[in-house]
Amino acid sequence: MNDTLSLHCSVLLIDDEAMAEDLIGYHLSHQPGIRLRYHHDASQAVALCREIQATVVLVDLRMPGADGFDVIRMLRAQPDTEHVPIILLSSEDNADIKARAFTLGANDYLVKWPDARELEARIRYHSTAYQARLQRDAAFLELRQREEELRASQAALHQSQKMEAIGQLTGGVAHDFNNVLQIIAGNLHLLQMTGGVNARGMERIRNAQNGVERGAQLAAHLLAFARRQPLQNTVAALSPLLADIQDMLRRVLGPRAVVQTDIAPQLWNTEVDVGQLNNVILNLAINARDAMDGEGTLTIRARNLPAGSQLPGSEGNRDKDYVLIEIADTGCGMSAEVMQRAFEPFFTTKPTGQGTGLGLSMAYGFVKQSGGEIALQSVVKQGTCVQICLPRSHGALATDTHPAPPPLTSGVETILVVEDEEDVRTATVDLLSALGYEVLSAADAEQAAQMLESGTRIDLLFTDVIMPGRISSLQLSELVRRLQPQAQVLFTSGYAEGVLAHDGKLPPGVHLLQKPYNAETMSARIRHLLRRRSTTAA
């Protein structure tokens, strides 16, 4: 036995005769580590046992009212006292009585009055065994808790790895999909520019262009989930933004739904892509409308989370300030199994044709890429709350600018188009040529580098980001800057991996045109860079 444990004994003595305290207590009071509490009323056994945290109970068998057998029953009936050792004291040395006592749960049986040294030894033995049991139970409980925490951590790691793998896959799919859309968009623009198409044909072209835009939006959602969508972050005040979106949400939800806002005063600013944030809230509102079947309450709440606060969806506290946005509905809610997969792209519980399954996945990718956290709270038949935490920004608020759609612009400068997809390259070259530019083309960065090193002069390099070959598009751009410092560089990609910084923003000096682009946007971006070249050269 552990000697340390045996020194700490809390003894409860219950006997209707007060002399029992004198006979037993005299010896025990002189022994180290033993504390004795005497009481004459057996009905108080449970309360007294809890009060002194007894490690041993000595109880007389024969007492008026509740007797020793009753004390055994009372203590064994309570979860917190069922294992406390009980030593029954009796003047009867009877085998039947002893058998009954042990059957009820007594740990020991002594005939009055036992030798003081024997009684002390038995008290210490039972007390030590009981305390060892408590320590063992506590150790097993802690072990189970650690095992549960480990299983939860492993599940979270598995989910994170799965989401990362899905993100890489969806990003690659979006890249190829955007290239296909660019081929379609480029040829549609060429048809418009060449003329000779009747009114019915032009209407069909416009319908096809609308389809390209819808496809581009779908690809953008995939890229947002994969965290490969370039963010155009600005410092924004959330209070007016959330207030302004309220009217739009009312139109989205319909007349039977109620939109409420609960915006805390003096809400902090955050650096975020405002357009993407609006899309996230809009998609969440559409999900809420469907979950409520068009009838219920959508509540938008926002408050500040100072450093040290617990963030939703994150273990532990963070050492930065955040702003919490909550979008809560009173809809059908989600089961635990559905919540486990809710952020996966294309996962949806809606009937076929009524949802893409990209709303929550797009929100997940956008929030993570913005340096925030996102979590779900949901109860079946009660509703769902999506919690979004975005980092606080101390920067100056950006001015609100809404540029007009760019007109189609032309030029006469020399542009080198580098694109490994032949159909994309052909459509882009034809578009630029139709705008009056002198256009050169290359199928990869290595071929373009050979042209530049041979002395070919260009005014602008228009290159895809992801291409096969030994030379990357970034290395090609560095070659251009070294050989022809005045030439401008414009990247294009359906998947911005390779030019995005770790925070999801473009590094300073890097210009990117996201696929699929239309002729107006492409011509405006190229013209802007070429004007800057002229200004720099002057």
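Excluded from the calculations below are hydrogen atoms, water molecules and symmetry mates; all remaining heavy atoms, backbone and side chain alike, are included.
- Ser473 and Thr463 make their closest contact through CB-OG1, 4.0 Å (heavy atoms, listed as atom of the first residue, atom of the second, distance).
- Lys381 contributes atom NZ, which lies 12.5 Å from atom OG of Ser335 (distance to the nearest 0.5 angstrom).
- Glu295 is linked by a side-chain hydrogen bond (donor to acceptor under 3.5 Å, both in side chains) to Arg256, counting only residues two or more places apart in sequence or in another chain.
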| request: For side-chain contact (heavy atoms from CB on, under 4.5 Å), just list the numbers for Thr414 and Thr456, CA-CA rounded to whole Å, side-chain angles, deciding distance to a tenth of an Å, and then say yes or no. | output: CA-CA 10 Å; Thr414 301; Thr456 301; 5.9 Å; no
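- Separation of atoms CG (Leu490) and CG (Leu529) is listed at 5.5 Å; rounding is to 0.5 Å.
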| task | For Asp464 and Ser493, run side-chain contact (heavy atoms from CB on, under 4.5 Å): C-alpha distance rounded to whole Å, both residues' side-chain angles, the deciding distance at 0.1 Å, then the answer. | result | CA-CA 6 Å; Asp464 191 25; Ser493 180; 4.1 Å; yes
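- Residues that satisfy the ring pair (Phe, Tyr, Trp, His ring centres under 6.0 Å) test with Phe462, not counting sequence neighbours, are Tyr517.
- Closest non-hydrogen pair, Leu249 versus Ala285, comes out as CD2-CB, 3.5 Å.
- For the pair Leu474/Phe491, a side-chain contact is recorded, criterion being any heavy-atom separation below 4.5 Å from C-beta on.
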Which donor-acceptor pairs under 3.5 Å do the side chains of residues 296-308 make with protein atoms, sequence neighbours left out?
unit_1	atom_1	unit_2	atom_2	d
Arg301	NE	Glu326	OE1	3.0
Asn304	OD1	Trp268	N	3.0
Asn304	ND2	Gln266	O	3.1

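- Here Asp329 pairs with nothing under the salt bridge (charged side-chain N to carboxylate O under 4.0 Å, His left out) rule; sequence neighbours left out.
- Residues that satisfy the salt bridge (charged side-chain N to carboxylate O under 4.0 Å, His left out) test with Arg481, not counting sequence neighbours, are absent from this structure.
- Under the 4.5 Å side-chain criterion, counting only non-hydrogen atoms from C-beta, Pro468 is in contact with Asp420.
- Scanning for side-chain hydrogen bond (donor to acceptor under 3.5 Å, both in side chains) contacts around Asn187 gives an empty result, with sequence neighbours left out.
- A 4.5 Å side-chain heavy-atom check between Leu284 and Ile388 finds at least one atom pair inside the cut-off.
- Of the charged side-chain nitrogens involved, none lies within less than 4.0 Å of a carboxylate oxygen, so that Glu271 and Arg392 do not count as a salt-bridged pair.
- Scanning for side-chain hydrogen bond (donor to acceptor under 3.5 Å, both in side chains) contacts around Glu419 gives Lys515, with sequence neighbours left out.
- Remark: Ser477 OG to Gln488 CD distance equals 12.0 Å, nearest 0.5 Å.
- Contact record, Leu360 with Phe343: O-CD2, 3.5 Å, taken as the closest heavy-atom pair.
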| task | Start with the C-alpha gap between Asp423 and Val180, add the side-chain angles, then the distance that decides, and say whether side-chain contact (heavy atoms from CB on, under 4.5 Å) holds. | result | CA-CA 9 Å; Asp423 290 337; Val180 172; over 6 Å; no
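- Under the salt bridge (charged side-chain N to carboxylate O under 4.0 Å, His left out) criterion, the residue pairs touching residues 177-203 are Glu203-Arg206, with sequence neighbours excluded.
- A distance of 7.5 Å separates CD1 of Ile325 from CG of Leu267, quoted to the nearest 0.5 Å.
- Contact record, Ser393 with Gly395: OG-N, 3.2 Å, taken as the closest heavy-atom pair.
- Counting only heavy atoms from C-beta outward, the side chains of Phe366 and Asp273 approach each other to under 4.5 Å.
- Between the side chain of Ser370 and the backbone N or O of Gly372, no donor-acceptor pair lies under 3.5 Å.
- Sorted by first then second residue, the ring pair (Phe, Tyr, Trp, His ring centres under 6.0 Å) pairs that include residues 423-459, not counting sequence neighbours, number zero.
- For Gln475, the CD atom is densely surrounded, since the number of other residues' heavy atoms within 6.0 Å is greater than 12.
- Using a 4.5 Å heavy-atom cutoff, the side chains of Val465 and Leu512 are in contact.
- Listed by chain and residue number, Thr384 satisfy the side-chain hydrogen bond (donor to acceptor under 3.5 Å, both in side chains) test with Ser378 (two or more places apart in sequence, or in another chain).
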Pairs under 3.5 angstrom only: tabulate donor-acceptor contacts from the side chains of residues 139-148 to other protein residues two or more places apart or in another chain.
unit_1	atom_1	unit_2	atom_2	d
Glu142	OE2	Arg146	NH2	3.3

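- Proximity of Ile415 to Leu440: side-chain heavy atoms (C-beta onward) are nowhere separated by under 4.5 Å.
- Across all their heavy atoms, Ala445 and Ser472 have their closest contact at CB-O, 3.9 Å.
- Pairs passing the salt bridge (charged side-chain N to carboxylate O under 4.0 Å, His left out) check and including a residue from residues 425-450, sequence neighbours excluded, read Glu446-Arg470.
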| task | Under the salt bridge (Lys or Arg N to Asp or Glu O under 4.0 Å) rule, what do Glu413 and Arg531 come out as? Steps first, then yes or no, please. | result | CA-CA 11 Å; Glu413 292 88 350; Arg531 288 196 193 98; over 6 Å; no
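- Side chain of Gln387 to main chain of Gln377: no donor-acceptor pair is present (N/O by atom type, distance under 3.5 Å, no hydrogens or angles).
- For the pair Thr492 (side chain) and Leu513 (backbone), a donor-acceptor distance under 3.5 Å is present.
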| message | Assess the residue pair Leu435 and Ile526 against the criterion (side-chain contact (heavy atoms from CB on, under 4.5 Å)); give the C-alpha distance rounded to whole Å, side-chain angles, the decisive distance to 0.1 Å, and a yes or no. | response | CA-CA 11 Å; Leu435 292 173; Ile526 288 176; over 6 Å; no
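- Met451 and Ser454 get closest at one heavy-atom pair: O-OG, 2.6 Å.
- You'll find the side chain of Leu476 stays beyond 4.5 Å of the side chain of Val489, heavy atoms only.
- One finds the NZ atom of Lys368 at 8.5 Å from the CD1 atom of Ile374 (value rounded to the nearest 0.5 Å).
- Side-chain contact between Leu188 and Asn518: absent, with no pair of heavy atoms (C-beta onward) separated by less than 4.5 Å.
- Note that CD1 of Ile471 is 11.0 Å distant from CD of Gln447, once rounded to the nearest 0.5 Å.
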